[in-house]
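Basis for what follows: all heavy atoms, side chains included, without hydrogens, waters or symmetry-related copies. Letters A, B, ... are given to chains in the order of the sequence lines, protein chains preceding strands, and every chain is numbered from 1. Worth saying up front: this structure is predicted, and the values here are computed from it rather than measured.
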Number of protein chains: 2
Amino acid sequence: MLTTQTRSEATAARIIAAAKSLFVARNYSDVTTDMIATAAEITKGGLYHHFASKEDLYLAMMLGDFEDKRRLFEQAVAKPGTCRDRLTQLTRDYLELPHEERELTHLVRRDVNTFSGKERDSLISAYQKALPAQIETIINDGIRDEEVAACDARILAWSFVALVEVVIGQYAEVTLENTEAQLEHVLGLFFGGVSITPKGEPA
Amino acid sequence: MLTTQTRSEATAARIIAAAKSLFVARNYSDVTTDMIATAAEITKGGLYHHFASKEDLYLAMMLGDFEDKRRLFEQAVAKPGTCRDRLTQLTRDYLELPHEERELTHLVRRDVNTFSGKERDSLISAYQKALPAQIETIINDGIRDEEVAACDARILAWSFVALVEVVIGQYAEVTLENTEAQLEHVLGLFFGGVSITPKGEPA
DNA sequence: GTATTAACCGACCGGTCAGTCGGTCGGTAG
DNA sequence: CTACCGACCGACTGACCGGTCGGTTAATAC
């Protein structure tokens with residue numbers, strides 16, 4: 001029926017998908033390889049045929065996802081336009097990702113202490129360095145063009161990320177309903193703050 | 001030498017202190033009762049003399065810390081002044097807490113999925129409801145006094161919290177050196193945004 | 001002094017979980 | 001057809017960990 005290769009790839013993909021939904025829901029240590037295997041409709045032996053270890057699976061899952069996000073962010077960095085426009089574009093694309101994919105982005109901050117050595121480093125350099133660095137680039141352009149006040153761009157990038165996470169609902173059971181409302185909140189707050197000013201609508 | 005009661009209280013405090021530094025550094029599941037006992041210079045049997053279970057210890061640690069923070073926040077809520085002044089005061093007090101105490105505040109978001117039932121509920125209602133609700137109160141006053149643009153105060157409260165966490169360095173190895181620089185960043189960004197405006201210094 | 005009790009010890013138990021290994025089955029190559 | 005190999009199975013193991021329990025010491029009560 002299926003070729004061996006196709007079948008193998010499909011199984012690996014099923015394992016990754018199962019791992020995503022489980023690791024998003026619970027800490028690394030609280031997800032067992034049996035749980036992942038069962039969710040992927042395979043046995044533990046089968047899982048270990050595809051991945052050398054639990055850590056290996058976690059890293060494959062994360063670095064695969066990172067690559068997708070890196071490409072997504074790259075598009076916004078490459079585009080012309082104002083800093084605000086590019087951040088809007090990037091955020092809109094990001095908010096339209098499925099819930100699970102967005103959750104993966106901040107999994108690192110929760111689980112990173114579980115790892116050590118180069119595994120830990122690769123996670124940090126992907127999600128804590130490379131992705132925010134792309135946002136930083138856009139913000140630095142904004143500073144150069146005098147659209148944004150001069151300030152440490154890295155801190156501003158992280159501030160932006162934090163605001164996005166708030167509207168996603170990471171911080172509580174607080175969520176703005178639709179993507180446009182979320183966008184408006186983040187961009188409005190980031191660029192204009194909450195103060196009532198004579199010239200317009202903040203927040 | 002020491003009375004039994006004093007000795008007991010001191011031991012319990014030592015266990016809580018050991019638990020704090022370990023739980024801040026690693027996930028709930030990755031911290032063993034043996035590690036806590038060793039760090040508290042006691043044995044596991046001794047630990048279980050003071051606390052009924054690992055979960056019980058974790059909750060005692062968290063709810064004790066919550067009570068301290070609740071009182072700290074309460075002061076800022078009770079004070080008169082503008083919304084900005086009160087938030088400044090609260091944030092300054094908060095930033096002057098020792099690193100470990102501040103880290104405890106967002107431990108819940110990392111570990112909450114490990115618990116269930118009323119243990120989980122008590123953690124959520126403390127750190128995800130009661131504390132942000134106090135900030136929300138201050139912001140609502142700001143909206144009432146037309147100092148802050150009308151908007152869902154809960155989302156604004158969480159946005160503020162998120163910005164504070166950024167400058168604390170939760171988000172990367174990014175930290176502004178001193179408390180005043182951190183304060184300026186958070187308050188400036190929250191109230192004024194990052195845009196360059198004719199009338200002054202944002203961010 | 002004697003009895004009682006709280007604080008603490010440390011060996012132990014039962015369960016869990018990452019990882020292993022010998023084996024089966026079906027597709028593939030020659 | 002046959003030999004092979006990759007995909008997968010499932011029982012097993014060894015380490016670890018939360019929690020227990022009988023015992024020891026020292027403070028306290030009488």
Side-chain angles (χ1 to χ4, degrees), chain A residues 1-23 25-62 111 113-117 119-120 123, chain B residues 1-23 25-62 111 113-117 119-120 123:
Chain A
M1 27 189 83
L2 262 51
T3 68
T4 307
Q5 192 188 350
T6 312
R7 182 181 175 76
S8 179
E9 282 165 7
T11 305
R14 234 170 44 237
I15 296 172
I16 294 275
K20 276 186 188 172
S21 72
L22 286 165
F23 281 128
R26 309 186 74 80
N27 285 346
Y28 179 80
S29 316
D30 294 339
V31 175
T32 70
T33 52
D34 258 326
M35 288 164 67
I36 301 170
T38 304
E41 290 176 310
I42 205 181
T43 61
K44 200 158 58 163
L47 189 154
Y48 275 86
H49 175 72
H50 290 277
F51 299 95
S53 66
K54 187 185 178 186
E55 238 183 69
D56 184 51
L57 166 58
Y58 187 90
L59 262 85
M61 173 190 87
M62 290 300 273
D111 288 334
N113 290 331
T114 315
F115 302 97
S116 60
E119 290 77 19
R120 184 189 156 101
L123 286 173
Chain B
M1 27 189 83
L2 260 52
T3 67
T4 306
Q5 192 188 350
T6 311
R7 182 181 176 76
S8 179
E9 280 165 7
T11 304
R14 233 169 46 237
I15 295 171
I16 294 275
K20 277 186 186 173
S21 71
L22 286 166
F23 280 128
R26 309 186 74 81
N27 285 345
Y28 179 79
S29 316
D30 293 339
V31 175
T32 70
T33 51
D34 256 325
M35 287 164 66
I36 301 170
T38 304
E41 291 175 310
I42 205 180
T43 61
K44 202 158 58 164
L47 189 153
Y48 274 86
H49 175 73
H50 290 276
F51 299 95
S53 66
K54 187 185 177 186
E55 239 184 68
D56 184 51
L57 166 58
Y58 187 89
L59 263 90
M61 173 189 86
M62 290 301 273
D111 288 333
N113 289 331
T114 315
F115 302 97
S116 60
E119 291 77 19
R120 184 189 155 101
L123 286 173

Whole angstrom is fine here: how far is it from [atom1] in [X] over to [atom2] in [N]?
X       : N      : atom1 : atom2 : answer
A:Tyr58 : C:dG19 : OH    : C1'   : 20 Å
B:Asp56 : D:dG18 : CG    : P     : 14 Å
B:Tyr28 : D:dC17 : OH    : C1'   : 12 Å
A:Lys54 : D:dC16 : NZ    : P     : 15 Å
A:Tyr48 : C:dT20 : OH    : P     : 7 Å
A:Leu57 : C:dC17 : CG    : P     : 16 Å
A:Ile15 : D:dA7  : CD1   : P     : 11 Å
B:Met35 : D:dG18 : CE    : C1'   : 14 Å

With respect to the phosphate group of [N], does any side-chain polar atom (N or O) of [X] fall under 4.0 Å of OP1 or OP2?
X       : N      : value
A:Thr11 : D:dC8  : yes
A:His50 : D:dG6  : no
A:Ser8  : D:dA7  : yes
A:Thr32 : C:dC17 : no

A quick test of your reading: do over 12 heavy atoms of other residues, nucleotides or ligands sit less than 6.0 Å from CD of B:Glu41?
no
Looking only at C:dC9, D:dG19, D:dC8, the nucleotide nearest the A:Ile42 side chain is D:dC8
Of the listed D:dG18, C:dA6, D:dT28, the closest approach to the B:His49 side chain comes from C:dA6
Legend entry - Test: A:Lys54 cationic atom under 6.0 Å from A:Tyr28 six-membered ring centre, within 45° of axis: yes
Assign B:Leu47 to base, sugar-phosphate, or nothing according to its heavy-atom contacts below 4.0 angstrom with the strands shown. nothing
Determine the contact category for A:Thr43: base if any of its heavy atoms lies under 4.0 Å from a base atom, sugar-phosphate if only primed atoms, P, OP1 or OP2 are that close, otherwise nothing.
base
Taking the six-membered ring for Trp, are A:Tyr58 and A:Phe115 closer than 6.0 Å centroid to centroid?
yes
So CG of A:Asn27 and CG of B:Asp30: to nearest 0.5 Å the spacing works out to 7.5 Å
Taken to the nearest 0.5 Å, the spacing of A:Leu22 CG from A:Ile36 CD1 works out to 6.0 Å
By nearest-heavy-atom nucleotide on DNA chain D, the more 5' of B:Ala52 and A:Glu41 is A:Glu41
Heavy-atom nearest nucleotide on DNA chain C taken for B:Gly46 and for A:Lys44; more 5' hit belongs to B:Gly46
